[in-house]
Amino acid sequence: MLNHSMISPASALSHVRQALGRWAALGTLLGLGTGAALVQAGICPSVAQAYESQMTVTLEAGQDETYETFITRAETVGRAAAQRQFDNDILVTEVLVFVNGQKGGMEAPLLSIEASRLQWNNLPDPRRWASYYNSTRRLLQLDTARSLDDGTLP
């Protein structure tokens, strides 16, 4: 004997509605989760990685160049290097520029410039942000040849 169960149209419709309801609920949850993630990414973008940029520049001292002229030239080159670092990379938040002097095959630091982007934008003067290494004058024997010729050094 065959057992025929009769499914009423109302019962079938009820099962279909329940199944569709479950799928709709699942789709809504997935959609809301994805939408919320996209909205959050739009409102709060990922954190940018800021960093410090370092550069070293070496200058050769001129034959008859005084120490003061050499330092002025080092400041000018250091300023240009710092500005170039900020201009070339928007993520750089701080620069550190070392300017070394060279004479007769010897090299020593003349100055270093360290400034944040905000400091530099407010006052792009290398003398404000520079540290000077005064012992370089003696190490590289700058001005000593002329001083000996003048007879002012013992």
Side-chain angles (χ1 to χ4, degrees), residues 15-154:
H15 285 296
V16 169
R17 282 187 183 151
Q18 286 177 352
L20 287 175
R22 286 188 202 116
W23 283 106
L26 179 60
T28 301
L29 285 175
L30 289 174
L32 288 176
T34 304
L38 291 174
V39 168
Q40 182 180 9
I43 294 172
C44 303
S46 61
V47 177
Q49 296 294 322
Y51 59 94
E52 179 181 89
S53 179
Q54 292 184 11
M55 174 184 277
T56 301
V57 181
T58 302
L59 300 176
E60 180 73 33
Q63 189 76 297
D64 294 326
E65 189 171 29
T66 66
Y67 177 73
E68 289 75 21
T69 305
F70 199 34
I71 288 295
T72 301
R73 193 161 56 101
E75 290 169 344
T76 303
V77 169
R79 181 189 189 289
Q83 187 65 53
R84 188 171 42 255
Q85 287 177 320
F86 283 127
D87 291 346
N88 287 344
D89 193 341
I90 193 170
L91 296 178
V92 170
T93 57
E94 190 168 319
V95 296
L96 181 55
V97 177
F98 296 99
V99 182
N100 294 338
Q102 193 173 39
K103 183 177 178 187
M106 294 176 39
E107 187 172 325
L110 291 168
L111 60 91
S112 61
I113 298 171
E114 184 172 10
S116 71
R117 183 178 292 273
L118 180 63
Q119 290 169 328
W120 192 258
N121 285 340
N122 289 335
L123 186 63
D125 182 359
R127 293 171 294 184
R128 172 65 176 97
W129 312 112
S131 296
Y132 295 88
Y133 304 97
N134 296 325
S135 59
T136 298
R137 182 180 201 154
R138 186 165 293 270
L139 289 170
L140 296 183
Q141 300 173 353
L142 295 165
D143 293 342
T144 55
R146 192 165 34 139
S147 297
L148 286 172
D149 291 341
D150 296 340
T152 55
L153 283 180

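These numbers were taken from a predicted model, which means no experiment stands behind them.
With respect to Ser53, the side-chain contact (heavy atoms from CB on, under 4.5 Å) criterion is satisfied by exactly one of Leu96, Val92, Leu91: Val92.
Of all non-hydrogen atoms in Ala108 and Leu139, the two that sit nearest each other are CB-CD1, 4.3 Å. A pairwise comparison of heavy atoms in Lys103 and Ala61 identifies CB-CB, 4.1 Å as the closest pair. For Ala81 against Val57, the heavy-atom pair with the smallest separation is CB-CG2, 4.3 Å. The heavy-atom pair separating Val99 from Ala74 by the smallest distance is CG1-CB, 3.6 Å. Nearest heavy-atom pair across Pro126 and Pro124 is CD-O, 3.6 Å. The minimum heavy-atom distance linking Ser112 with Tyr133 is given by the pair OG-OH, 3.0 Å.
Atom-to-atom distance recorded for Leu111:CG and Trp129:CH2 is 15.0 Å, nearest 0.5 angstrom. Rounding to the nearest 0.5 Å gives a distance of 7.5 Å between CG of Leu142 and CG of Leu110. Separation of atoms CG (Asn134) and CD1 (Ile71) is listed at 7.5 Å; rounding is to 0.5 Å. Taken from CG in Asn100 to CD in Glu107, the straight-line distance is 4.5 Å, to the nearest 0.5 Å. Note that CZ of Arg127 and OG1 of Thr72 are 8.0 Å apart. Values are rounded to the nearest 0.5 Å. Taking OG of Ser116 as the start and CZ of Phe86 as the end, the distance is 6.5 Å to the nearest 0.5 Å.
In this model, no donor atom of one side chain and acceptor atom of the other lie less than 3.5 Å apart for Tyr67 and Thr136.
The shortest distance between side-chain heavy atoms of Arg79 and Trp120 falls below 4.5 Å. At a threshold of 4.5 Å between non-hydrogen side-chain atoms, the residues Arg73 and Glu65 count as touching. Gln119 has its side chain out of reach of Arg128: every pair of non-hydrogen atoms, C-beta onward, lies at least 4.5 Å apart.
Of the charged side-chain nitrogens involved, at least one lies within less than 4.0 Å of a carboxylate oxygen, so that Glu68 and Arg137 count as a salt-bridged pair.
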